[in-house]
Trainee: 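Quick one: structure below, then a few questions.
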Amino acid sequence: MIRLSIMSLLSFYSLFLDAQKIDFYPPHKDGISQEDYDKGKYFLENTYKQMKENGDVCYADYWNIALAYAYMGQPPEVILELLKKSKTDHPESFCI
């Protein structure tokens with residue numbers, strides 16, 4: 001049981017760390033329509049482009065990655081962590 005918990009935690013952190021990498025695209029999961037996956041990929045492409053142009057990551061980038069991951073069927077824990085990072089980076093603009 002402990003081993004399973006540790007493995008789950010490690011896979012969660014792996015996904016979260018991948019979310020921090022520019023040009024990471026999660027694999028297409030079963031149960032996610034091609035249309036939704038393509039929407040997520042579109043958001044990621046545009047966000048990564050802006051991140052490269054700006055040379056920085058802003059709160060909106062985390063928000064956009066979280067939205068893309070939601071379309072792509074990524075774990076809710078990963079999406080929530082990205083939204084928390086967005087809120088932490090710029091709480092005044094988080095709810096706009």
Trainee: Using side-chain heavy atoms (C-beta onward) and a distance below 4.5 Å, is M72 in contact with D36?
Mentor: no

Trainee: Closest heavy-atom contact between Q74 and P27?
Mentor: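 Minimum heavy-atom separation between Q74 and P27: NE2-O, 4.3 Å.
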
Trainee: What distance do S86 atom OG and E81 atom CD have between them, rounded to the nearest 0.5 Å?
Mentor: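 Nearest 0.5 Å value for the OG-CD distance: 12.5 Å.
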
Trainee: State, to 0.1 Å, how close A68 and F43 come at their nearest heavy-atom pair, and which atoms those are.
Mentor: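 Nearest heavy atoms, A68 then F43: CB-CB, 3.8 Å.
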
Trainee: If I compare all heavy atoms of I32 with all of Y71, which pair ends up nearest, and what's the gap?
Mentor: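 The pair with the smallest heavy-atom distance is CG2-O, 3.5 Å.
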
Trainee: Taking side-chain contact (heavy atoms from CB on, under 4.5 Å) as the test, write out the residues that go with T88, two or more places apart.
Mentor: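 Checked T88 against side-chain contact (heavy atoms from CB on, under 4.5 Å); zero matches.
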
Trainee: Which atom names give the shortest non-hydrogen contact between P75 and K29, and what distance separates them?
Mentor: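 The pair with the smallest heavy-atom distance is CD-NZ, 4.1 Å.
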
Trainee: Heavy-atom distance under 4.5 Å between the side chains of W63 and L82, does that happen here?
Mentor: no

Trainee: Using the side-chain hydrogen bond (donor to acceptor under 3.5 Å, both in side chains) criterion, which residues pair with K39? Sequence neighbours excluded.
Mentor: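 Partners of K39 by the side-chain hydrogen bond (donor to acceptor under 3.5 Å, both in side chains) criterion come out as none, since no residue qualifies.
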
Trainee: Please check: side-chain N/O of N54 versus main-chain N/O of M51, any donor-acceptor pairing under 3.5 Å?
Mentor: no

Trainee: Hey, is CD on Q34 packed in by over 12 heavy atoms from elsewhere, all under 6.0 Å?
Mentor: yes

Trainee: Looking at Y48 and F24, what are the two nearest heavy atoms and their distance?
Mentor: OH-O, 2.6 Å

Trainee: How long is the span from the NZ atom in K49 to the CG atom in D23, to the nearest 0.5 Å?
Mentor: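 So the NZ of K49 and the CG of D23 are separated by 13.0 Å.
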
Trainee: Does any donor atom in the side chain of N46 or Q50 lie under 3.5 Å from an acceptor atom in the other side chain?
Mentor: no

Trainee: With the side chain counted from C-beta on, respond yes when I65 and L44 share a heavy-atom pair under 4.5 Å apart, and no when they do not.
Mentor: yes

Trainee: Taking the side chain as everything from C-beta on, heavy atoms only, tell me whether Y25 gets closer than 4.5 Å to K41.
Mentor: yes

Trainee: Can a donor-acceptor pair be found, under 3.5 Å and without considering hydrogens, that links the side chain of Y37 to the backbone of G73?
Mentor: no

Trainee: Could you tell me if the side chain of Y62 sits less than 4.5 Å from the side chain of L83, heavy atoms only?
Mentor: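 No, every pair of side-chain atoms sits at 4.5 Å or beyond.
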
